[in-house]
Amino acid sequence: MKRIAIALTVNGKAVEVVAEPREHLADLLRGTLMLTGTHIGCEHGVCGACTVEIDGVPQRSCIVHAGSCDGASVRTIEGFADDAVVAALRESFSREHALQCGYCTPGMLVVARDIVLRLPDADEARVREELAGNLCRCTGYRGIVRAVLGVLADRRAGSSRAEPR
Amino acid sequence: MVAGGARPGAGTQSLGPLLNLRLAQPETIADLRHLPDYAGVTRAGDVVRIGAGTTHAAIEDGAVPGRVGEIMATVARRIAYRPVRNRGTIGGSLAHADPAADWIGVLPVLGGSAVAIGPRGERRIPLAGFVTGIFETALAPDELLRAIEVPVLPAEARWGHWKFCRKVGEFSKATACVLAAPGTPPRAVLAALDRPPLVIEDAGALLADPADEAARIVAGLGEMAPWRSALAQAALRHAATAAGAP
């Protein structure tokens, strides 16, 4: 199949790749750019493991194809290393045992960050609704929900640092 | 490109999974997101024009003004998941016409039109007749869906929307939407069936007697699995009750 040149920004850096337009973004990130923090689960938009930020909002990288990514700005889990909200979520996830195998965690963190920033008043029911698009087969979700609620509560209390509870 | 056989694509949140599963194998996809003014909402008089490329998330966040916007925001929030809504578009969903999709089971009650564009120019297709089959629409092969136009609604318009999903965000097993606005007969739509949505242009009887009328409507659709019949009736009943039925 014909390959095309695609210019995009990944984690703040301009990159140019040559790819088949039908290759999905998750494969492009992992295979071509070696950003293996993005995980691939179902490859049809259901499990949420591949969720990354595209043009500032969380999207599924498995059902976004390379041909539609020219000019896009992509932020993968590697690109959140210095992000304050993700830092708080990492601590909270660790404290609440919100991961076991870690496969769903990159997508969970991208979505959890979006919840924290977009829905600062979210209660448990809303957090569960918003997390419904990210499947976890280890934890039973309780730890993940508590971890997100913990960061929300800390931010509401005006504290940027998560305190042990 | 589309006239030459390319498959139009917008957010590809429905087409993408079909590509990955090899259920759809188009030679070429034309990315409609490059069209000028493809996304965005404008109001002219009593009509709100919603660009086909407007995302579900934008509608959820209030891009559509007024009472009709409140209704559409509530529907949008129930579509799949936020990361899907951030890319998926109202026009893409409508033109794809998956029988279990959300907008095909709501837009017909709002009245209004789909704005199609093609070599012969622009034409308007009533939303009530836009979906003609499973994955089939009234669009000609060389036409694209450009926008959706819906009339504004008075603040006192009542409505109900009910869909059955065992899990938040999964495809609906039965969807109904009922709108009762002053001055026009109430309208209803029943969707997520093995057929195009059933549009009821005068749903007065459903609002007067939801249980009996829901049973009569569903029986009129012919043979159907008992669970599906029960869900379809429940959808109509709940939507009618929310729209003001006793």
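The figures here come from the full heavy-atom set of this structure, side chains too, leaving out hydrogens, waters and symmetry mates. Please read all numbers here as calculations on a predicted model, not as lab measurements. So you know, we letter chains A, B, ... as the sequences are listed, proteins then strands, and number each from 1.
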Residue, of [options], that accumulates the most heavy atom pairs under 4.5 Å with chain A:
options	value
B:Leu21, B:Leu18, B:Asn20	B:Asn20
B:His34, B:Glu170, B:Arg22, B:Arg85	B:Arg22
B:Arg77, B:Lys167, B:Gln13	B:Arg77

Show your working on side-chain contact (heavy atoms from CB on, under 4.5 Å) between A:Glu130 and B:Arg82 and close with a plain yes or no. CA-CA 7 Å; A:Glu130 296 290 329; B:Arg82 181 76 184 189; 4.0 Å; yes
A:Thr51, A:Val64, A:Val110, A:Val46: which one forms the most heavy-atom pairs within less than 4.5 Å of chain B?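 Most heavy-atom pairs under 4.5 Å with chain B: A:Val64.
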[X], part contacting chain B, at a heavy-atom distance under 4.5 Å:
X	result
A:Asp114	side chain
A:Val111	side chain
A:Arg128	neither
A:Leu131	neither

Going from CG on B:Leu15 to NE2 on A:His65, what distance comes out if it is rounded to the nearest 0.5 angstrom?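 Nearest 0.5 Å value for the CG-NE2 distance: 8.0 Å.
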Heavy-atom count check: over 12 atoms from other residues, nucleotides or ligands less than 6.0 Å from A:Arg126 CZ? yes
Short side-chain to backbone donor-acceptor contact, B:Asn86 and A:Val57, under 3.5 Å: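 Pair absent, no side-chain N/O of B:Asn86 close to backbone of A:Val57.
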Quick check against the 3.5 Å criterion: does B:Arg33 have a side-chain atom that pairs as donor or acceptor with the backbone of A:Ser68?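 Side chain of B:Arg33 to backbone of A:Ser68: a pair is present.
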Identify the two heavy atoms, one from B:Gly16 and one from A:Ile63, that lie closest to each other, and give their separation to 0.1 Å.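 It is C-CG2, 3.8 Å.
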